[in-house]
Engineer: 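After the C-alpha cells below, expect a handful of questions from me.
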Amino acid sequence: MIAIRERRPATRPGLVRVSAIGFGLLAVLAWGQVLAGGDSGAGDLFRGDTWTRAGEFAGELLGLGAEGESAFVDGALWQNAIGLSVETLAMSVLAAGIAGAAALVSFLPAARNVAYGELGGSRRAVGVPGYMVLRLLFAFTRGVPELVWALIIVFVFSPGVLAGALALAVHNYGILGKLAAEVVENMDTRPARALRGAGANNFQMVLYGVLPQALPHLLTYLLYRWEVIIRTTVVVGFVAAGGLGREFRLQMSYLHYDEVALLLICYLALVIGVDLVSAGLRRLAR
Amino acid sequence: MRAVPRAPRIEGRGLLTLLLIGAVGLSALSVPWGGDLVHPGGGSAVGSIVKALARVELSPEFLRITAYAAWTTLRFAVAGVTLALAIGLPLGVVASGVLTRSGGRKTASIVVARFVLALLRSIHELVWAWLFVVAIGLSPMAVILALALPYAGILGRVFADALIDVPEEPLRALRSAGASEIKLLVYGRLTIALPDMLGYGFYRFECAIRSAAIFSFVGVQGLGYQIQLSLDDLLWNEVWTLLIALAALVLLVDAWSSQVRRRLVS
Amino acid sequence: MTHLADTPIIRVENAAKAYSGRLAIAPLSFTVAEGEKVAVLGPSGSGKTTLLHLTAGIIHPDSGTVELGGHATSELGAGGESASLVGAIHQQYDLVGHLSVVHNVLAGRLGRWGLLRSLWSLLSPQDLGLAEDALERVGLLERLYERTSRLSGGEQQRVAIARLLVQDPRVIVADEPVASLDPARARDLLILLSSVASDAGKTLVASLHSTELATEFFDRAIGLRDGLVVFDLPVMELDRGILDDLYHLEVAG
C-alpha cells in the first residue's frame, strides 16, 4: 500500500486575499478615525512650538540648563542606579526561572500527540481535558500583558522584586508553555515509539524519546524570552515598585529629566548586556 | 584488555543547566523574604478575585463598553502596526543591503540603517510613550508613534534578515534572465520570504494589541483604561470580563494568523 | 499435551488487518520455529511492514490471532514481558538522535528498569557493562559516548542491533533493516544480524528487497503479494520463475 498524498484544493482559496483586504479595511478605518478626530495630535507633530518643546525636552534629558549639577557627574546617583540595575537583573532572572520551571512541568500534557495517546500509549482519561485546560491557561496568561498582571498582583503581594517577577513569570509562562508544547507536537515521534518495542512504559518513553529533543528547545526559547523580559522588567517595576522601574517613576514625578536619562542609559546597558549573555548561552546550549 | 572510552565530564549543556539554576537561586536572594511579602489584605484579595470569576460581569451595558474598548484597542494596534510597517520595511530593505551594489556606500547605508533599527527597538514602547507624551502631550498620535517606532525597529530587523536569508538558486535564475536588483527583490526575495515575514508580522500584530491595551491605561480610551477603572473600584467581576475580552482578542488574531500562514505554505 | 519444544515460537492463525477499509493483510497463517531465520519478500505495498508489525506485536490483528511464545500479542502488555519476547529494528529512526550511543543501547533495559533507575541512568549509565559488551560485539565500542546523530546510517543500524543485544529478546523482527544502506554495508549488517541471532539461538524474521541477501543469510522465505502468502519455501528452492511471479508488475489492458 503506497499512500499518495493528494493535494487538496484549498476550501477557501481566497482567504489570503480576503485577509489582506480585511486588514487594509481595518487600517483605513483606524487611521480614518485617528485623523478625523480633531485632537488626534497629528497636526501637533508639525507645529513649530512642538519641535521647540521637544528640543527643550531633549536638552533637559541631557542635563543642560538644569539648576545645580548635571546628574551625570553625580557619583552617588550612578551607584544607586547600578544597584537598582542589579535588582532589575535579579527580577528578570527570577521571572525567567519561575516561568521556565512552570512551563517545564506542564508542557508535556499540553502537547496534542501526548495527550491523545498518539505516542502509542493508551489515551488516558485525564489526557484530553487536561490538554484543553492547559492550552486555555496558556492562552489566557499570555493574552494578558505583564503590566496588567502586575497591577493585579500588587493587590496580593507587597510591591517589590517578587511582585514584579511574578507578573512577568505568569505572562511568559503562557508563551513558553505554548512554544514547548508545539515543539513536542512537531517532533518526529518514531524514535519514541520504537522505545516502546524495547519495553519502555509511557514515562520511560517520554524520558528517553521526547525530553532529549524537547528540553534543548525549551532552554533556547527561555533564553530568547529572557531578552524580552529584561526590557519589560523596567516597565513592570514601574507598577510593582522594583528595580529601575521604581526609580524611573520617582524621578519622573520630580521632573528630574537628566536623572531619568541616567537611568535610561543603565537600562540600555542592561538590555545590551542580557542580549549578549543570552546569545552566548544559546550557543553553549547547541 | 579492551579499550573502553572514558566517560565525559558533565557536558556543556549539563553545566549550563546548573549555571542557570544557580542564577535563579541567586536572584531569589534579592527578594526580601519575610512577613510583609504578602499584603495584609492579600489573602482575602485572592479570595475575592477568584470568587469574582464565577460572577463575571455580563450585563449588556457592560458588554457594550467592553466591545467598544476592545474595538478602540484594536484600532490603535492596527494604526501602530501599519505605521511601523511603513517605517520598518524601507529601513529593513536598506539594512539588508539587497538593493545596493557592494562598496563603501553600501556598507555605510547598511550600518546606518541597522543602527537606527537597533536604536528604535532597544527602547521599550512605554519609554517611547513617556518621551512622546512629555514632548508633545497626550494624544492618539503620541501613542501610535510610541507603538510604531519600536515595532518598526523589530520588524525592520526581522525583514532584513529574512531578505538576506533567501537561498541563492532561485535568484540566480532570475538574475540570468536579466532582472534588475529591484525586480529581483520584488519577484524573487519577497515572494520567497513572504510566509515567514507575514507570520512574524502577525505575531507583532498580536503583540501590538497587548501594547495598545497597556497604552490605554494612561488615559487614551481602550481596554486598559477600562481595566484601570474597574480595578480602582475593586470590581473584580468586571476586571475578569475585560481580561477575557483582551485574551480573546489576542487569540482571535493568533488563530487568524495561523490560518493565513497555513494557506500560504500549502 | 504438546511438548514445549514442539511449540512454534511464532504462530499466526488467520490473522487479517485492514486500513481504511482496505485489506492490508488477508487472513493468513504460518508458524515459525525457534531459531529459524525467515525472510519476507514481496513488492512494495504487499503488506510486508504490516505483517512484521503484527508479528512484533506492535499492532494487533483485526481478526485471527498472532501468538508469540504461546501468548497472544493482544494480551501481552507493553513492557518487560513483551520486550523479552520480541524486539524490532526498522529501516531508520529507531534511535533517539539527541542521546548519546550508550543511552540508546541501554534503552534495551528499560523494560526491566523502574522509573527512578531509568532517570538515574541518564546521569550515570546503569548496567554499563552490558552496553560495552553489546557495542564491542557490533564493533562500535569507541563511539560509546558520542551523540548518536553523529554516526552514519550503517553505524546507527549497528547501534540499534546493540540495543537489541541488551534487550535480549527471543525473536528479532527486522523491517527493511538494510534498505537505506549501500550493498556493501547491507551485507555487513546482515552478517552481523544473522550471527547475533545464531549465537543466541534467536529467531529472526526480516523483510528484504534483495533476494540475493535472502538466499545468503536466511533459511526460509515467505513471499507476500497484496496481503496474501504466495509461497513459503526453504530458501534453496527459490527459483527465477517463483520470484518473477512474486514481483511482476501488473500491466493494464
Side-chain angles (χ1 to χ4, degrees), chain A residues 10 12 15-16 19 23 26-27 29-31 33-34 37 39-42 44-45 50 53-54 57 86-87 89-91 93-94 96-98 139-140 142-145 147-148 151-152 154-158 160-162 165 216 219 231-232 234-235 238 252 257 264 267-268 271-272 281 284-285, chain B residues 12-13 15-17 20-21 23-24 26-32 36-39 42 45-46 49 74-76 78-79 82 122-124 126-127 130-131 134-137 139-142 144 210-211 213-214 217 224 227-228 231 239 243-244 246-251 256 259-260 263-264 266:
Chain A
R12 274 189 294 170
L15 180 64
V16 179
S19 299
F23 191 79
L26 268 176
L29 277 171
W31 279 107
Q33 208 153 353
V34 167
D39 55 351
S40 71
D44 285 345
L45 271 181
T50 306
R53 205 176 354 141
F57 173 59
V86 172
E87 200 178 296
L89 185 66
M91 203 189 327
V93 173
L94 193 59
I98 297 175
F140 188 65
R142 84 167 191 276
V144 175
L147 206 67
V148 178
L151 281 174
I152 296 176
V154 291
F155 276 97
V156 179
F157 286 91
S158 312
V161 171
L162 183 63
L219 196 60
R231 284 164 170 77
T232 332
V234 173
V235 161
F238 203 83
M252 281 187 351
Y257 292 142
L264 266 175
Y267 166 68
L268 275 171
V271 166
I272 295 173
L281 289 176
L284 240 168
Chain B
R13 220 171 303 136
L15 193 69
L16 181 62
T17 317
L20 291 177
I21 297 179
V24 175
L26 258 173
S27 51
L29 286 175
S30 66
V31 174
D36 52 36
L37 196 59
V38 179
H39 260 300
V46 174
I49 296 175
L74 183 64
R75 274 195 293 121
F76 273 100
V78 171
T82 43
S122 293
I123 300 179
H124 194 272
L126 279 170
V127 179
W130 173 73
L131 286 172
V134 174
I136 70 173
S139 66
M141 271 315 285
I144 294 176
R210 275 191 288 265
S211 303
I214 295 185
F217 269 97
I227 292 179
Q228 180 84 297
L231 264 182
V239 173
L243 285 182
I244 292 173
L246 182 55
L249 194 56
V250 165
L251 268 180
W256 184 17
Q259 284 305 309
V260 171
R263 293 286 186 277
L264 274 180
S266 64

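Here is how names work: the chains are called A, B, and so on, in the same order as the sequence lines, proteins then strands, and each is numbered from 1. Heavy atoms only: backbone and side chains are in, while hydrogens, waters and symmetry mates are out.
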Engineer: Among Ala247(B), Ala79(B), Ala248(B), Ala213(B), single out the residue with the greatest number of heavy-atom pairs under 4.5 Å to chain A.
Structural biologist: Ala79(B)

Engineer: Which one of Gly97(A), Pro145(A), Ala90(A) has the most heavy-atom pairs closer than 4.5 Å to chain B?
Structural biologist: Pro145(A)

Engineer: Please state whether the side chain, the backbone, both or neither of Leu94(A) comes within less than 4.5 Å of a heavy atom of chain B.
Structural biologist: both

Engineer: Heavy-atom pairs under 4.5 Å with chain B: which of Gly143(A), Ala96(A), Ala27(A), Gly160(A) has the most?
Structural biologist: Gly143(A)

Engineer: Given a strict heavy-atom distance threshold of 4.5 Å, which part of Leu29(B) is in contact with chain A: side chain, backbone, both, or neither?
Structural biologist: neither

Engineer: Less than 4.5 Å to any heavy atom of chain A: does that hold for the side chain of Leu243(B), its backbone, both, or neither?
Structural biologist: both

Engineer: Please check this pair: side chain of Arg210(B) against backbone of Leu246(B), looking for a donor-acceptor N/O pair closer than 3.5 Å.
Structural biologist: no

Engineer: Quick check on Leu251(B) against chain A: is it the side chain, the backbone, both or neither that has a heavy atom closer than 4.5 Å?
Structural biologist: side chain

Engineer: If I take atom OG from residue Ser122(B) and atom CG from residue Leu264(A), how far apart are they, to the nearest 0.5 angstrom?
Structural biologist: 11.5 Å

Engineer: For a quick test of reading the model, state the closest non-hydrogen atom pair linking Ala165(A) to Met91(A) and the distance between them.
Structural biologist: N-CG, 3.6 Å

Engineer: For Ile49(B), which atoms come within 4.5 Å of any heavy atom of chain A: side chain, backbone, both, or neither?
Structural biologist: side chain

Engineer: Could you have a look at Val271(A), Val154(A), Ile272(A) and say which one has the most heavy-atom pairs with chain B under 4.5 angstrom?
Structural biologist: Val154(A)

Engineer: Output the distance between atom CD1 (Ile123(B)) and atom OH (Tyr267(A)), rounded to the nearest 0.5 Å.
Structural biologist: 8.0 Å

Engineer: Do you know the tightest heavy-atom contact between His124(B) and Thr232(A)?
Structural biologist: NE2-CG2, 3.9 Å

Engineer: Would you say that Trp31(A) contacts Val78(B) through its side chain, given a criterion of any heavy-atom pair below 4.5 Å between the two side chains?
Structural biologist: no

Engineer: Given heavy-atom pairs under 4.5 angstrom as the criterion, report whether the side chain, backbone, both or neither of Leu74(B) touches chain A.
Structural biologist: side chain

Engineer: Contact part of Leu20(B) toward chain A, heavy-atom cut-off under 4.5 Å: side chain, backbone, both or neither?
Structural biologist: side chain

Engineer: Is it the side chain or the backbone of Val24(B) that comes within 4.5 Å of chain A heavy atoms, both, or neither?
Structural biologist: both

Engineer: Among Leu29(A), Ile98(A), Val234(A), Val144(A), which residue forms the greatest number of heavy-atom pairs with chain B at distances under 4.5 Å?
Structural biologist: Val144(A)

Engineer: Which distance, rounded to the nearest 0.5 Å, do you find between the CD1 of Ile152(A) and the CD1 of Ile227(B)?
Structural biologist: 7.0 Å

Engineer: For the residue pair Val93(A) and Ser27(B), what are the closest heavy atoms and their distance?
Structural biologist: CG1-OG, 3.5 Å

